[in-house]
Amino acid sequence: MEKKLPKIEIIEKYCKGCHICVEFCPKDVLEMKGFYASVKNLEACISCMQCELRCPDFAIKVITE
Amino acid sequence: MSFDYDKYLRPGKLPHIWCPGCGHGIVMKGLIRAMDTLKLKKEETAIVSGIGCASRLPGYIDCCTLHTAHGRAAAFATGVKMARPEMNVILCGGDGDGTAIGGNHFIHACRRNIDMTYIIMNNYIYGMTGGQFSPCTPTGHKASTTPYGNPDPNFDIAKLAIGAGATFVARGTAFHANQIDKLIVEAIQHKGFSVVEILDDCPTTYGRRNKYKSVIEMMNRLKDVAVPVKAAEKMTAEQLQGKVLTGVLYKEDKPEYIAEYAKVIERAKAAK
Ligand SMILES: Cc1ncc(C[n+]2csc(CCOP(=O)(O)OP(=O)(O)O)c2C)c(N)n1
Ligand code: SF4
Ligand code: SF4
Ligand code: SF4
Ligand SMILES: [Mg+2]
């Protein structure tokens with residue numbers, strides 16, 4: 001069965017570049033690109049929501065169906 | 001679905017003032033999820049704080065909010081609850097606000113067992129004013145006012161709350177974000193004074209001075225020291241050395257202040 005991938009939205013005007021979402025993603029989906037977090041490998045995402053939960057700044061949304 | 005925080009946020013207030021990686025934002029999100037779980041109505045919910053970075057939290061949430069004087073959240077919140085007992089009253093603030101200047105108000109609110117929930121964000125420091133030590137700064141750690149190490153023993157907020165009479169006491173951490181809302185939900189549902197301590201991080205004024213290279217190291221420390229109460233039951237004293245228990249630490253049913261006060265009013269009326 002094909003895995004349903006979420007849509008990951010990073011709101012740059014809120015992101016403060018703290019690295020928390022990148023460091024604690026269990027699947028290494030995210031990376032820092034310059035100052036901001038950014039999606040590196042969406043295919044590996046398991047929609048665990050850890051990045052969204054831990055972002056102190058409301059700057060990352062994991063949108064699942 | 002992604003969680004819709006906007007429905008409980010005042011429009012146009014983001015980005016918030018907290019520094020990159022400050023855990024206060026993680027706690028605020030936990031509170032918002034808890035409010036949503038309980039379907040708290042904005043006009044029936046009051047969030048009351050003192051002064052400090054942590055105490056800025058109510059400014060962002062769209063409900064009845066009061067940003068009061070340093071250490072005085074419990075006093076103002078008690079006033080709100082006495083005047084409007086039907087309201088859900090939630091207090092929030094930092095370790096400095098709650099255990100130094102507000103320590104007296106804190107212990108007496110616990111003793112009274114008034115039906116309110118207090119979320120205390122413990123980052124072991126006075127963040128807002130540049131990193132002076134608080135009663136929660138661990139012994140030996142550095143603050144701007146203890147550059148050679150803090151000689152004072154620190155408070156254990158949860159133990160202090162239990163000792164003073166709070167009837168629901170829980171502890172979580174900013175790293176364990178998923179647990180924060182669950183603890184707050186239970187605390188709000190409890191009839192009596194509930195205290196939820198969240199071990200937090202202040203990379204700017206505490207982390208830097210205490211050799212944490214980054215906020216990630218501070219988060220990893222929270223991850224490593226936390227032991228859920230259930231897991232701790234199966235661990236030896238040696239294994240628990242240096243660990244901090246998390247989860248619901250204490251729960252008791254005791255007469256609640258608003259209900260007891262109503263009885264006093266009845267007695268006084270009957271005496272006429
Ligand atoms: C009466 C009074 N005394 C002192 C201050 C200065 N002051 C502002 S915030 C603060 C400490 C805040 O520390 P904490 O409650 O731990 O919050 P944090 O900033 O760490 O989140 C102090 C001492 C004040 N505002 N009012
Ligand atoms: S949802 Fe989980 S797997 Fe996907 S990016 Fe976020 S933390 Fe990584
Ligand atoms: S956790 Fe949030 S603020 Fe921090 S880097 Fe990721 S998106 Fe940006
Ligand atoms: S000074 Fe510390 S407590 Fe205040 S916003 Fe910055 S990181 Fe948070
Ligand atoms: Mg503090």
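Just so it is clear, the structure is predicted and the values come from calculations on it, not from any experiment.
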### Query
In this structure, are over 12 heavy atoms from other groups packed under 6.0 Å from B:E43 atom CD?
yes
### Query
Within a strict 4.5 Å, meaning less than it, do heavy atoms of the B:S2 and A:K7 side chains meet?
no
### Query
How about A:P56 and B:I26: do any of their side-chain heavy atoms sit closer than 4.5 Å?
yes
### Closest non-hydrogen atom pair between B:P20 and A:C18, with its separation
C-CB, 4.0 Å
### Summary
Rounding to 0.5 Å, atoms NZ (A:K13) and CG (B:L14) come to a distance of 9.0 Å
#### Entry: chain A contact via B:L9 - which portion, at a heavy-atom distance below 4.5 Å
side chain
### Task
Give, as side chain, backbone, both or neither, the part of A:C55 having an atom under 4.5 angstrom from any heavy atom of chain B.
both
### Query
Can you find a heavy atom in the side chain of B:F175 that is under 4.5 Å from one in the side chain of A:I20?
no
### Query
Is there a side-chain contact between B:F3 and A:K61, using heavy atoms and a 4.5 Å cut-off?
no
### Message
Are more than 12 heavy atoms, taken from residues, nucleotides or ligands other than B:K42, located less than 6.0 Å from that residue's NZ atom?
### Response
yes
### Message
To the closest 0.5 Å, what do you measure between CG (A:D57) and CE (B:M28)?
### Response
8.5 Å
### Task
Answer yes or no: are there more than 12 heavy-atom neighbours, outside A:K40 itself, under 6.0 Å from its atom NZ?
yes
### Query
Distance-only, no hydrogens or angles: does the A:K16 side chain make a donor-acceptor pair with backbone N or O of B:W18 under 3.5 Å?
yes
### Task
Kindly check if the number of other-residue, nucleotide or ligand heavy atoms within 6.0 Å of CZ (B:R33) is above 12?
yes
### Top contributor to chain B contacts, counting heavy-atom pairs under 4.5 Å, from A:H19, A:E52, A:M49, A:E23
A:E52
### Message
I need the residue from B:I216, B:V27, B:D6, B:D181 with the largest number of non-hydrogen atom pairs under 4.5 Å to chain A.
### Response
B:I216
